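Keep in mind the model is a prediction, meaning the values are calculated, not measured.
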There are 2 protein chains.
Amino acid sequence: MDSVFKALSDPHRRKILTLLKKRDLSVTEIQKHFPFTGATLSHHLDTLKRANLVITERRGQFIFYSLNTSVFEDVLQSFYSLFSR
Amino acid sequence: MDSVFKALSDPHRRKILTLLKKRDLSVTEIQKHFPFTGATLSHHLDTLKRANLVITERRGQFIFYSLNTSVFEDVLQSFYSLFSR
DNA sequence: GAGATAATTAGATAACTATCTAAATACTAA
DNA sequence: TTAGTATTTAGATAGTTATCTAATTATCTC
């Protein structure tokens, strides 16, 4: 769960998750929302992927990223238990 | 909210919060659970305090740390909205 | 297959974070 | 008011992270 909290600690990565809430997006589409290079974006996406927060699927020329909803229940649970007495 | 996610990204700081769930603790008491120096602990506590996750109160010689429960609702909300579609 | 587009990886660097020792501050108690 | 305990702050350093440019890999289209 450490990788999850680490992944969420960066505002750019949280913004990526917010973008993916609306719909799956290719890297190029995500890129449009950020000022940094594709290489940097690729690293952020890798961090999210290693934390199991997103999943990828190649569709032809593009790689689409989407939220890995199956782990969010776990994440929320873990987060909640941090705070509830 | 950025400071909150940053504060939660460190496992030591999350452990501190977990300890404080049980009861308020002085710095010395918290210190017993960690291998690093008091100076380092002090920095971690400062990070939690700046994120508004804990509050402090001096009781004589000691400074007691406790969870700032009033902000946890906000934090949970913010966290939840990251994931819910 | 060659050229174009999409995405990742390699290698470098600057900024940030965690940690330490030492010094400073705040309070207690004798 | 001095000695002792609790905590923070100052200053330094090593490790980590975010970022860049350049090179590489993968796929598409002609």
Review point. Tell me, do A/Ile16 and A/Phe34 make a side-chain contact under 4.5 Å, heavy atoms counted?
Key: yes
Using whole Å, what does the distance between atom [atom2] of nucleotide [N] and atom [atom1] of [X] come to?
X: A/Ile63; N: D/dC28; atom1: CD1; atom2: P; answer: 11 Å
X: A/Leu45; N: D/dT19; atom1: CG; atom2: P; answer: 12 Å
X: A/His12; N: D/dT19; atom1: NE2; atom2: C1'; answer: 11 Å
X: A/Asp10; N: D/dT17; atom1: CG; atom2: P; answer: 11 Å
X: A/Phe36; N: D/dT21; atom1: CZ; atom2: P; answer: 14 Å
X: B/Phe62; N: D/dT7; atom1: CZ; atom2: P; answer: 6 Å
X: A/Leu41; N: D/dT21; atom1: CG; atom2: P; answer: 15 Å
X: B/His43; N: D/dT8; atom1: NE2; atom2: C1'; answer: 8 Å

**Study point:** Side chains of A/Thr40 and A/Thr37, donor plus acceptor under 3.5 Å
**Key:**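 Judged by distance alone, the side chains do pair up.
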Review point. With distance as the sole criterion, is a donor-acceptor pair present between the side chains of B/Thr56 and B/Lys49 under 3.5 Å?
Key: yes
What does [X] touch in the nucleic acid at a heavy-atom separation under 4.0 angstrom: a base, only the sugar-phosphate, or nothing?
X: A/Tyr65; value: sugar-phosphate
X: A/Thr47; value: nothing
X: A/Lys6; value: sugar-phosphate
X: A/Gly60; value: sugar-phosphate

Exercise for review: Report the C-alpha separation of B/Asp10 and A/Lys6 in whole Å, then their side-chain angles, then the decisive distance to 0.1 Å, and conclude whether the salt bridge (charged side-chain N to carboxylate O under 4.0 Å, His left out) test is met.
Suggested key: CA-CA 8 Å; B/Asp10 182 271; A/Lys6 274 282 194 305; 5.3 Å; no
Point to revise | Side-chain N,O (A/Arg13) to OP1/OP2 (D/dA18) below 4.0 Å | key: yes
Review point. Earliest and latest nucleotide of DNA chain C, 5' to 3', sitting under 4.0 Å from a non-hydrogen atom of chain B?
Key: C/dT17 to C/dT28
**Study point:** A/Asp46/A/Arg13 ion pair, N-O < 4.0 Å
**Key:** no
Check your understanding: 5'-most contact on DNA chain D: A/Ser9 or A/Arg58, nearest heavy atom basis?
Key ->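 The 5'-side residue here is A/Ser9.
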Point to revise | Residue met sooner reading DNA chain D from 5', once A/His44 and B/Ala39 are mapped to nucleotides | key: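 Whichever sits nearer the 5' end wins; that is B/Ala39.
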Point to revise | Gap separating the CD1 atom of B/Ile63 from the OG1 atom of B/Thr28, nearest 0.5 angstrom | key: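 The distance works out to 9.5 Å.
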Check your understanding: Are A/Phe36 and A/His12 close enough that their ring centres sit under 6.0 Å apart?
Key -> yes
